[in-house]
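Below you'll find the structure, written out as structure tokens, and then a few comments.
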Protein chains: 2
Amino acid sequence: MTVIDTNSWQGVRAEVMRRIAEGEWRPGDLIPGEVELADEFGCARATVNRALQDLADSGLIERKRKAGTRVALNPVRKVTVEVPVIRQDVEARGSRYSFDLLGRREMTPSPAIAAQYGLRDDAALVGLWTLHRADRAPFALEERWVNLAVAPEIANVDLEAVSANEWLVRHMPLSRAEFSFSAGNASSSEARLLDCEPGAALFIVNRTTWAGDAPITAVRLAYAPGYVMETVV
Amino acid sequence: MTVIDTNSWQGVRAEVMRRIAEGEWRPGDLIPGEVELADEFGCARATVNRALQDLADSGLIERKRKAGTRVALNPVRKVTVEVPVIRQDVEARGSRYSFDLLGRREMTPSPAIAAQYGLRDDAALVGLWTLHRADRAPFALEERWVNLAVAPEIANVDLEAVSANEWLVRHMPLSRAEFSFSAGNASSSEARLLDCEPGAALFIVNRTTWAGDAPITAVRLAYAPGYVMETVV
DNA sequence: AAGTGGTCTAGACCACACC
DNA sequence: GTGTGGTCTAGACCACTTC
């Protein structure tokens, strides 16, 4: 039998979760204050605070000063998704990773891109197209541009040997990233590269990474049909 | 000017993030220990600990006892996504929410479902089909089954008045949920209901919710074309 | 064996939100 | 004003890992 000590914060969290799971405290209910719980559990208030704060982070409870702590009405709202580096994703599935650098082009931003990222329209960018493979089979298609003003050294990197992603991660500081997830129909060229039917539904991930105010790189990943991103709460 | 006090844990976190963002500490580097940082910042070790733990949670640094704290090599791995209740999602976009209950059927699980969730093949389920709308336009199509053994009362609920999701959230305890995100082509019936072309790429969310060992409900949501799930790290 | 992060405590004060 | 959560401190001990 597993004993849960309610004088550890994880024990307190487990006990609170149990009471919610078993309906002892129901959604919308006000639960006892920290001092009261600390007294009941025989631990310090800081320990209760740590536990409740963790539960609030995961969205199971809602806390407000003076108003107290309530069981959330919409318990499952925040989900933490692991967005793996493609190479690790492939290897975790037991396949061998490889990639083909399909193309590379120096370019200036289109008006839309320039506006979106606050770039001058004569900014120097590098466009890169890569096909990621799992056991030689197409896995995901990557379209990326890199801001040369921020990462000029990448112009001299042998991107056949090390992927642009890995080089950037290792050499660029980073402050902020935006992700979006969506679905799109495969274009004819995407279908050819990913070895699927034109129009097939593809899982799309867009990621933009910033260093301070300047965008470093923007990536669009189109996964081969059948890709599923999973998570547990 | 905004002053950051390094004797608050958020201030310490901001300062550490700055040093990483500006390349002072680079990916893979070992950073000073907690006592050293506490001394430098003029705060208690617990404050530094709180800040570094937060950064570790978000994946920016990696910590190991004895080995110390390092700047992560793959900084962006864990992403927290808000999975909103559809009604709130619609209302947050400034539209008016409504839904149509398309169908409802008592059923027993298919062999595949029974095996997946450990149900007897004569278990009683309710199947529900719902179309969610934003300003009357189709927004998402929901297919759901509810385990009557766990939630028998739902058989008597007027699901035209309150959505199954909201009823369940408010009346069922809950312990665990599994999410998956993928893309799929619209079937002809989905296309008709969502008012799009057959074969259009749809963003699909699957969610299964458990109370202890028993599954409560499984939902498949197919969003109308153009739906994007966004997040910032 | 020893060093580093992980956690707990007791007490204190602060900050916000409701009255 | 007053009550609740939010945070800080100083010190202590524990647990994991590497040596």
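By convention in this document, chain letters (A, B, ...) are assigned in the order of the sequence lines, proteins followed by strands, and residues within each chain are numbered from 1.
Taking side-chain N and O atoms only, B:Arg50 has no distance below 4.0 Å to OP1 or OP2 of D:dC8. Applying the 4.0 Å criterion to OP1 and OP2 of D:dT7, one finds that B:Thr47 has every side-chain N and O outside that range. Note on B:Lys64: every side-chain N or O is 4.0 Å or more away from OP1 and OP2 of C:dT4. One finds no side-chain N or O of A:Gln10 lying less than 4.0 angstrom from the OP1 or OP2 phosphate oxygen of C:dG6.
Looking only at atom types and distance, the side chain of A:Asp89 has a donor-acceptor partner in the side chain of A:Tyr227 under 3.5 Å away.
Taking atom CH2 of residue A:Trp9 and atom P of nucleotide C:dG6, one finds them 11 Å apart after rounding to whole Å. With rounding to whole Å, B:Arg65 atom CZ is found 13 Å from D:dT18 atom C1'. B:Arg63 has its CZ atom 18 Å from the P atom of C:dG3, to the nearest Å. Spacing between atom CZ of B:Arg70 and atom P of C:dT4 amounts to 12 Å, rounded to whole angstrom units. A:Glu34 places its CD atom 6 Å from the P atom of D:dG6, with the value rounded to the nearest Å. Atom CD1 in B:Ile61 sits roughly 11 Å away from atom C1' in C:dG5 (whole-Å rounding). Residue A:Asn49 contributes atom CG, which lies 15 Å from atom C1' of C:dG11 at whole-angstrom precision. The separation between B:Asp39 atom CG and D:dA10 atom P is 12 Å, rounded to whole Å.
Side chain A:Arg45 to base D:dT4: no donor-acceptor pair is found below 3.5 Å.
Using a 30° and 60° split on the angle between ring planes, B:Phe99 and B:His132 fall in the tilted class, from 30° to 60°.
Taking each heavy atom of B:Val150 and B:Ile216 in turn, the nearest pair found is CG1-CG1, 4.1 Å. Here the shortest heavy-atom pairing between A:Thr217 and A:Trp145 reads OG1-O, 2.9 Å. Of all heavy-atom pairs between B:Gly28 and B:Arg70, the closest is O-NH1, 2.8 Å.
With C:dT7, D:dT9, D:dT7 as the choices, the nucleotide that has an atom nearest any side-chain atom of B:Asn7 turns out to be D:dT9. The side chain of B:Lys66 approaches C:dG3 more closely than any other nucleotide in the set D:dG5, C:dT9, C:dG3. Comparing C:dT7, D:dT9, C:dT9 by their nearest atom to the side chain of A:Cys43 picks out C:dT9. Among the nucleotides D:dT18, D:dT7, C:dT9, the one closest to the side chain of A:Ala44 is C:dT9.
The residue among B:Ala46 and A:Thr69 whose nearest nucleotide of DNA chain D lies closer to the 5′ end is A:Thr69.
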